[in-house]
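This report refers to the structure that appears directly beneath it.
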Protein chains: 2
Amino acid sequence: MNGNQLISIGTLSERTGVSVSAIRFYEQKGLIESLRSGGNQRRFLRSDIRRISFILIAQKLGLGLAEIETELARLPQGRTPTKHDWEKVSRSIRSQLDAKIALLERTRAKLDGCIGCGCLSLKNCRLYNPNDEAGESGSGPRFVLG
Amino acid sequence: MNGNQLISIGTLSERTGVSVSAIRFYEQKGLIESLRSGGNQRRFLRSDIRRISFILIAQKLGLGLAEIETELARLPQGRTPTKHDWEKVSRSIRSQLDAKIALLERTRAKLDGCIGCGCLSLKNCRLYNPNDEAGESGSGPRFVLG
DNA sequence: GCTTGACCTCAAGTTAGCTTGAGGTTGTAG
DNA sequence: CTACAACCTCAAGCTAACTTGAGGTCAAGC
């Protein structure tokens with residue numbers, strides 16, 4: 001253990017609680033980068049511990065890896081993010097959260113309007129014909145919460 | 001078109017807007033059932049139009065097919081659901097929606113408490129170490145909203 | 001110098017919710 | 001009675017976010 005800041009994938013895994021395979025997966029997806037040792041083993045910067053922490057937090061906030069990648073792009077590579085960096089990102093995430101809550105609340109309001117109506121008629125139902133789109137996109141997981 | 005109530009898969013698809021392949025998929029998953037014609041073609045009851053409508057609505061409410069199957073089990077097979085049937089199911093769904101909104105709101109509150117703290121420290125962060133579990137389960141899509 | 005554990009790559013498997021395609025049959029309009 | 005649309009059954013593919021496994025390399029202790 002000399003003075004440099006490089007850590008192995010195993011150490012990064014221990015420090016973050018993220019499995020080794022998941023870290024490799026994140027790297028492959030471009031969420032983090034690594035150097036290589038002489039023997040082709042990955043070497044990460046200590047600051048990657050925070051980068052991974054960020055990924056974990058953002059996931060808990062309901063962001064997908066693609067969205068997280070976008071947010072990560074706002075953070076500095078290799079440097080510990082400042083308060084200001086973090087604020088920018090937090091506010092961006094906060095507005096995404098707001099939108100999701102708002103969508104669910106609109107849906108709930110429609111459901112309340114429908115309870116007891118027994119309509120289930122595709123032509124009239126406000127739930128079935130909403131103007132906003134939950135679970136309407138093409139493929140992949142849609143609108144699933146925990 | 002004689003007096004009976006049986007419709008083909010194509011008709012069911014047209015009436016609901018759900019693709020033929022999706023209907024077959026739902027049948028395979030046990031969400032709907034079908035009879036067969038002499039030539040082995042599916043024949044559905046007219047009431048299955050409502051059953052499918054219900055699936056669509058429940059999906060918009062954020063339920064997965066497995067959860068929808070559970071809710072469908074509360075509805076009568078072959079009979080048009082009464083107001084009472086529908087109310088029971090609506091209230092069950094409403095409470096699931098409530099739970100999801102509540103979880104998101106707790107998460108947002110934590111984020112607000114964190115904006116500007118710049119911690120990103122795994123040991124201390126309330127976002128990283130929440131007591132409730134969003135996106136914690138084993139596999140599959142987790143905690144993704146539209 | 002050998003064993004052991006951490007690491008490497010690449011391929012395939014997992015769940016959800018479907019779609020797409022191949023290859024074959026049915027039903028109906030003309 | 002023939003054409004053609006609609007139907008049938010598998011099987012495989014798609015996205016997300018990973019895991020698991022096979023088969024091989026690297027590094028360190030004894």
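All values derive from a computational prediction rather than experimental measurement. A note on names: the letters A, B, ... follow the listed sequences, proteins ahead of strands, and every chain is numbered from 1.
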Length of the [atom1]-[atom2] vector between [X] and [N], whole Å:
X       : N      : atom1 : atom2 : result
B:Ile7  : D:dA6  : CD1   : P     : 16 Å
B:Gln28 : D:dC10 : CD    : C1'   : 10 Å
A:Arg24 : D:dG21 : CZ    : C1'   : 12 Å
B:Phe44 : D:dC8  : CZ    : C1'   : 12 Å
B:Glu67 : C:dG17 : CD    : C1'   : 13 Å
B:Ile52 : C:dG17 : CD1   : P     : 14 Å
B:Leu63 : C:dG17 : CG    : P     : 10 Å
B:Arg36 : C:dT25 : CZ    : P     : 16 Å

Task: A:Tyr26 side-chain N/O to D:dC18 phosphate OP1/OP2 under 4.0 Å - done: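 For D:dC18, OP1/OP2 do have a side-chain N/O of A:Tyr26 under 4.0 Å.
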Task: Distance test, side-chain N/O of A:Ser21 to OP1/OP2 of D:dC18, below 4.0 Å - done: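 So the side-chain polar atoms of A:Ser21 never come under 4.0 Å of the phosphate oxygens OP1 or OP2 of D:dC18.
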Task: Of the listed nucleotides D:dC18, C:dG17, D:dC8, the one nearest the side chain of B:Leu65 - done: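 From the listed options, C:dG17 comes nearest.
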Task: Among C:dT20, C:dC7, D:dA17, the nucleotide that comes nearest once only the side chain of A:Gln59 is considered - done: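 Minimum distance to the A:Gln59 side chain belongs to D:dA17.
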TODO: Starting from the C-alpha separation in whole Å, work towards a yes-or-no answer on side-chain contact (heavy atoms from CB on, under 4.5 Å) for A:Leu65 and A:Ile55.
DONE: CA-CA 8 Å; A:Leu65 290 188; A:Ile55 295 173; 4.2 Å; yes
Open item on the list: Within the structure provided, determine whether B:Arg24 and B:Lys29 are in side-chain contact (heavy-atom separation under 4.5 Å).
Closed with: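 No. Closest side-chain heavy atoms not under 4.5 Å.
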Task: Any side-chain donor near an acceptor of the partner, B:Gln59 and B:Glu67, under 3.5 Å - done: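 Side-chain D/A pair, B:Gln59 to B:Glu67: absent.
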- [ ] Please determine, by modelled atom types, if A:Gln41 and A:Ser8 share a side-chain donor-acceptor pair under 3.5 angstrom.
- [x]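 Side chains of A:Gln41 and A:Ser8: no pair found under 3.5 Å.
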Task: Derivation of the salt bridge (charged side-chain N to carboxylate O under 4.0 Å, His left out) call for B:Arg42 and B:Glu27 - done: CA-CA 10 Å; B:Arg42 286 174 183 81; B:Glu27 188 191 17; 2.4 Å; yes
TODO: Nearest-nucleotide wise, let me know which of B:Thr11 and A:Phe25 is further upstream toward the 5' end of DNA chain D.
DONE: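 In this pair, the answer is B:Thr11.
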Open item on the list: Apply side-chain contact (heavy atoms from CB on, under 4.5 Å) to residues A:Ile7 and A:Arg43 and explain how you reach the verdict.
Closed with: CA-CA 5 Å; A:Ile7 59 180; A:Arg43 293 297 173 237; over 6 Å; no
TODO: Could you tell me the separation between the OG atom of B:Ser19 and the OH atom of B:Tyr26, rounded to the nearest 0.5 Å?
DONE: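 Those atoms lie 7.5 Å apart.
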- [ ] May I ask you to say what A:Arg42 touches in the nucleic acid, namely base, sugar-phosphate or nothing, with a heavy-atom cut-off under 4.0 Å?
- [x]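 Sugar-phosphate contact only - A:Arg42 comes under 4.0 Å of backbone atoms but never of a base.
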- [ ] List the protein contact pattern of nucleotides 25-30 of chain D with one symbol per nucleotide (5' to 3'): B for base contact, S for sugar-phosphate-only contact, - for none; contact means a heavy-atom distance under 4.0 Å.
- [x] -SS---
